[in-house]
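This report concerns only the one structure given below.
Below, chain A is the first sequence line, B the second, and so on; all start at residue 1.
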4 protein chains.
Amino acid sequence: MTKKPTMATAARAAGQKPALGGKAAPVSNRAMRAAQRRAAIVEAAMEEFIARGFAATRLDDIAKRAGVAKGTIYLHFKDKESMFEELVRIVIVPVVARLDALPPSTGSVRDLIEMFAGNFINEVIGTRRGDLVRLIVAEGPRFPAVADFYYREVVSRGMAGMRALIELGIARGEIQQKNLARYPQILVAPAIIAVIWQSLFARHAPLDAKDMLRVHLDLIFGERRTT
Amino acid sequence: MTKKPTMATAARAAGQKPALGGKAAPVSNRAMRAAQRRAAIVEAAMEEFIARGFAATRLDDIAKRAGVAKGTIYLHFKDKESMFEELVRIVIVPVVARLDALPPSTGSVRDLIEMFAGNFINEVIGTRRGDLVRLIVAEGPRFPAVADFYYREVVSRGMAGMRALIELGIARGEIQQKNLARYPQILVAPAIIAVIWQSLFARHAPLDAKDMLRVHLDLIFGERRTT
Amino acid sequence: MTKKPTMATAARAAGQKPALGGKAAPVSNRAMRAAQRRAAIVEAAMEEFIARGFAATRLDDIAKRAGVAKGTIYLHFKDKESMFEELVRIVIVPVVARLDALPPSTGSVRDLIEMFAGNFINEVIGTRRGDLVRLIVAEGPRFPAVADFYYREVVSRGMAGMRALIELGIARGEIQQKNLARYPQILVAPAIIAVIWQSLFARHAPLDAKDMLRVHLDLIFGERRTT
Amino acid sequence: MTKKPTMATAARAAGQKPALGGKAAPVSNRAMRAAQRRAAIVEAAMEEFIARGFAATRLDDIAKRAGVAKGTIYLHFKDKESMFEELVRIVIVPVVARLDALPPSTGSVRDLIEMFAGNFINEVIGTRRGDLVRLIVAEGPRFPAVADFYYREVVSRGMAGMRALIELGIARGEIQQKNLARYPQILVAPAIIAVIWQSLFARHAPLDAKDMLRVHLDLIFGERRTT
DNA sequence: AATGAATGAGGGTTCATTCAT
DNA sequence: TATGAATGAACCCTCATTCAT
């Protein structure tokens with residue numbers, strides 16, 4: 001009945017552990033199954049919302065994709081709207097968690113930022129997570145709660161982090177433009193643009209995001225001597 | 001009854017002229033009324049689509065806002081979907097027309113770009129036109145025709161124009177970063193970000209777009225001595 | 001603007017005559033033009049009603065086919081429903097007129113009936129007039145006025161005429177079955193069936209109506225010695 | 001996809017029985033309720049389509065008559081059109097089934113045919129089943145699938161059966177007219193006419209179908225000595 | 001807890017009818 | 001008189017939500 005929960009994450013979130021003993025241990029108690037189901041719904045809903053937007057997404061499709069009955073969704077979420085809002089929270093929280101776990105800043109500021117950029121390119125641009133950004137841009141105005149949450153949890157923290165890095169860069173003499181610290185948006189703008197570009201225009205004009213970001217960093221830090 | 005036709009184009013197309021003599025000239029011939037109606041529908045639809053997105057917009061509301069009957073919409077547009085697609089065209093075409101009418105490039109490249117930026121700030125960021133950009137980002141994936149059109153008419157031309165300017169700047173020695181010509185996106189990225197920021201986060205953290213764009217240009221052209 | 005009125009009949013009904021002198025005589029006075037228009041509408045409406053049935057026929061299509069504006073229809077008919085009812089009358093009356101103008105009955109009863117059958121085959125079965133019969137069968141229950149009219153003008157007269165013929169045949173010894181006079185329907189039944197068959201099943205199994213009617217007459221009058 | 005529980009079949013399949021003991025036995029399992037609903041929809045739709053024709057029938061009315069919500073109809077049928085087509089099938093199939101179950105042909109051909117005629121008079125002429133015939137005549141041209149189905153399942157089989165009987169009659173010397181075998185339509189024509197007559201003209205001129213069919217058989221088999 | 005059949009409000013679309021020109 | 005743009009009631013169909021099992 002239950003179909004491939006697809007989502008490793010989900011299972012993990014549910015606290016499932018690989019059966020240690022033999023014989024497919026009866027790991028599945030009630031609560032766990034419920035958590036799995038919930039995770040499957042979240043996963044499925046995310047896919048559908050990203051693919052079609054909030055209004056055009058049908059609960060029927062979410063249920064089908066999650067391998068549960070339509071009614072089951074209502075055991076986990078009050079209604080479509082609050083499902084959407086919770087969803088964004090659920091998906092974003094682990095992202096934030098990772099941001100918080102900043103690796104110790106060894107090396108130059110530019111190296112640090114390049115590492116960030118590399119991560120971003122691999123894990124956001126052109127991936128489902130990137131589409132989530134677009135989804136928030138798309139639905140934000142109709143879901144102030146979502147926009148607020150996203151601002152609070154991701155944008156404001158991200159901006160603060162970037163600003164700190166920029167200030168460090170300025171202090172170390174890596175960055176000349178002192179005013180840049182007032183607008184960390186400038187630092188991340190090309191990355192955001194890359195995300196949008198990929199989902200709208202990649203077909204017409206593929207964009208080498210990695211190269212673009214490097215050029216952008218050159219603009220800020222000065223061109224590198226060594227590649 | 002008819003509300004602010006806003007849409008200069010439509011009124012013009014209808015050949016309307018301000019009544020010169022007294023006596024409220026009988027300006028209303030058939031074609032003109034039709035053009036006014038159409039303009040009212042376009043205007044109303046734009047507002048609604050921007051406010052709610054494609055799927056959540058009701059034709060009933062568009063009709064009400066435009067002051068026409070629901071059936072009237074179907075005299076001008078085949079259905080909701082093609083109305084949306086035509087709408088984007090209708091609103092964007094005059095923008096493109098203006099882009100084509102480039103003013104003679106006197107003065108420095110930076111001056112030219114600053115002029116652009118000024119225009120953009122006044123006429124796009126924080127205006128309905130800006131929301132249109134967000135709308136296209138939001139609905140693009142579900143309306144390839146819209147994304148295609150927008151890419152062809154606006155993005156590709158804009159990129160080409162920016163690239164030409166950048167190359168000019170490089171040739172004149174105003175811009176140091178030669179690679180920038182490969183990615184005009186970098187030049188416009190902060191402006192786009194400003195557009196999005198205004199409609200999503202302005203409430204939480206107002207953004208001084210003008211100042212940010214100036215900082216960004218300083219990054220590219222070097223800081224100005226005189227403001 | 002006005003397109004080919006198609007309908008010779010219509011023009012005739014309107015009293016139009018071929019211009020005798022040269023120069024396209026100014027035959028068109030108001031009344032005549034109106035009559036032409038009306039005839040064109042009747043013709044067009046008939047085609048559409050037959051092709052689609054009452055409910056599925058659009059006045060728009062009738063107007064287009066008749067080469068008039070939609071509003072014009074309302075100058076001639078109160079509404080769609082009464083148009084339909086009048087239509088049937090208009091089309092049927094000339095048929096009835098012809099029935100009344102019975103040719104002098106020379107020859108045998110069988111010859112007379114065969115002449116009828118021949119006419120019927122040529123002018124009804126498989127023609128638009130035949131479809132009219134099917135239309136009446138189809139819409140009769142929802143248009144009692146139509147059914148009534150058709151019964152009064154066509155069916156009852158036809159039955160009376162047939163009965164008279166049958167009685168004549170019995171009196172002359174051509175027909176043995178005396179009871180047949182009570183059910184003239186039996187005489188015409190195969191002809192009606194042929195009409196229906198042609199429009200429903202001809203594609204699957206073509207029917208040689210002429211031959212079938214001959215066999216039927218043989219049944220009633222006895223087989224002919226000479227063909 | 002959809003199963004054909006026909007109506008009678010449906011109720012039976014549901015195993016409903018009059019409660020034997022007191023206390024309204026809990027006869028209602030899920031599947032049964034569904035079958036009942038479906039049957040109610042079929043029944044209601046039939047009534048409405050017969051009364052108003054396809055185009056003029058409103059799903060709202062069908063739902064109301066069937067005692068279900070509008071949406072429920074769509075759980076059983078794809079849309080109005082395919083509902084109509086399936087409906088005809090559902091109602092006709094049991095009729096065909098009965099035709100196939102021919103009783104052993106004892107007695108004369110005439111007796112056999114009179115038995116048929118008697119059945120037809122009781123169960124078709126003037127009943128809802130008769131109206132169905134008229135409905136098919138009415139909508140056939142717009143629903144080729146319906147006409148095709150009806151031809152294949154009812155008409156062609158009926159014609160074949162009648163032809164066989166006629167040939168038997170000829171072989172046994174009951175029927176003189178050898179050519180009749182080529183046109184079994186002649187045999188059934190008066191019965192069909194009776195069906196149509198009843199729904200269109202009965203009000204004006206009641207028709208004694210039984211007597212008419214007897215006269216018709218007399219025409220084919222010769223008049224009976226004994227009544 | 002989970003199901004999915006049932007509901008019915010709501011929205012896109014059509015089209016008979018009207019009326020200003 | 002003729003037009004056809006405009007109207008808005010009505011209809012088919014969808015889909016979020018409920019609830020008996």
Side-chain angles (χ1 to χ4, degrees), chain A residues 1-2 30-31 33-34 37-38 55-64 67-81 83, chain B residues 26 28-31 33-34 37-38 41 55-64 67-81 83, chain C residues 1-2 30-31 33-34 37-38 55-64 67-81 83, chain D residues 26 28-31 33-34 37-38 41 55-64 67-81 83:
Chain A
M1 198 102 311
T2 33
R30 249 339 149 57
R33 295 272 310 273
R37 281 190 139 78
R38 189 184 164 88
T57 289
R58 280 162 306 179
L59 291 196
D60 245 332
D61 290 342
I62 294 176
K64 213 164 293 165
V68 303
K70 221 185 333 173
T72 304
I73 294 176
Y74 285 85
L75 299 176
H76 294 273
F77 301 94
K78 180 173 149 285
D79 58 15
K80 193 185 177 190
E81 217 159 290
M83 170 163 61
Chain B
S28 291
N29 58 39
R30 201 66 96 34
R33 297 277 307 277
R37 276 191 142 78
R38 189 186 163 87
I41 292 170
T57 289
R58 280 162 306 182
L59 291 197
D60 248 333
D61 289 343
I62 293 177
K64 215 163 292 167
V68 302
K70 217 175 356 161
T72 304
I73 294 175
Y74 287 86
L75 298 176
H76 295 275
F77 302 95
K78 182 173 146 288
D79 58 14
K80 195 187 178 188
E81 211 160 298
M83 172 162 63
Chain C
M1 202 95 312
T2 33
R30 246 345 145 53
R33 296 272 310 271
R37 281 190 137 79
R38 188 185 164 87
T57 290
R58 281 161 304 177
L59 291 196
D60 245 332
D61 289 343
I62 294 177
K64 213 165 291 166
V68 302
K70 222 186 331 174
T72 305
I73 294 176
Y74 285 85
L75 299 176
H76 293 274
F77 301 94
K78 181 171 149 287
D79 60 14
K80 193 185 177 190
E81 217 160 290
M83 171 163 62
Chain D
S28 293
N29 60 38
R30 200 66 98 33
R33 296 276 309 278
R37 276 192 142 79
R38 189 186 163 89
I41 292 170
T57 290
R58 281 162 306 181
L59 291 197
D60 248 334
D61 289 342
I62 293 177
K64 215 163 292 167
V68 302
K70 221 181 342 170
T72 305
I73 294 176
Y74 289 86
L75 298 176
H76 295 274
F77 301 95
K78 184 174 144 286
D79 58 15
K80 193 187 178 187
E81 211 159 297
M83 171 164 61

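No N or O donor and acceptor, one from the side chain of B:Lys70 and one from the base of E:dG11, sit under 3.5 Å apart.
Expressed to the nearest 0.5 Å, how far CG of C:Leu59 lies from OG1 of C:Thr72 amounts to 12.0 Å.
What separates CG of C:Asp60 from P of E:dT17 is a distance of 13 Å, to the nearest Å. Rounded to whole Å, the distance from CZ on C:Arg33 to P on F:dA2 is 8 Å. In this structure, CD1 of B:Ile41 is placed 8 Å from P of F:dA6, rounded to the nearest angstrom. When rounded to the nearest whole Å, the span between NZ of A:Lys64 and C1' of E:dT3 equals 15 Å. Per the geometry, CZ belonging to B:Arg38 stands 16 Å off C1' belonging to F:dA6, to the nearest Å. In this structure, CZ of B:Arg37 is placed 11 Å from C1' of E:dA20, rounded to the nearest angstrom. The CG-P distance, from D:Leu59 to E:dA9, rounds to 16 Å in whole Å.
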* Asked: For DNA chain F, what string of dots and brackets results from 5' to 3' when Watson-Crick and G-U pairs need both distances under 3.5 Å, crossing pairs get [ ], and pairs with another strand get |?
  -> .||||||||||||||||||||
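B:Ile62 is listed as a side-chain neighbour of B:Met83, based on a closest heavy-atom distance under 4.5 Å.
Not counting sequence neighbours, the partners of B:Ala56 by the side chain to side chain contact (heavy atoms under 4.5 Å, CB included) test are A:Ala55, B:Arg52. Remark: C:Arg38 engages C:Glu86 in a side-chain hydrogen bond (donor to acceptor under 3.5 Å, both in side chains) (not counting sequence neighbours). Taking C:Asp60 as the reference, C:Lys70 meet the salt bridge (Lys or Arg N to Asp or Glu O under 4.0 Å) condition, with sequence neighbours excluded.
The two residues A:Arg37 and A:Val68 have their closest heavy-atom pair at NE-CG1, 4.1 Å. Closest of all the heavy-atom pairs between D:Asp79 and D:Tyr74 is CA-CE2, 4.1 Å. Across D:Lys80 and D:Thr57, no two heavy atoms sit closer than the pair NZ-O, 2.9 Å.
The residue among A:Ala56 and B:Ala34 whose nearest nucleotide of DNA chain F lies closer to the 5′ end is B:Ala34. Summary of the strand contacts: C:Gly71 and D:Gly71 both lie near DNA chain E, and taking for each the nucleotide with the nearest heavy atom, the more 5' one is attributed to D:Gly71.
Only C:Thr72, C:Leu75, listed by number, bring a heavy atom of residues 72-81 of chain C to less than 4.0 angstrom from any atom of DNA chain F.
For D:Arg58, no side-chain nitrogen or oxygen approaches OP1 or OP2 of F:dC12 to under 4.0 Å.
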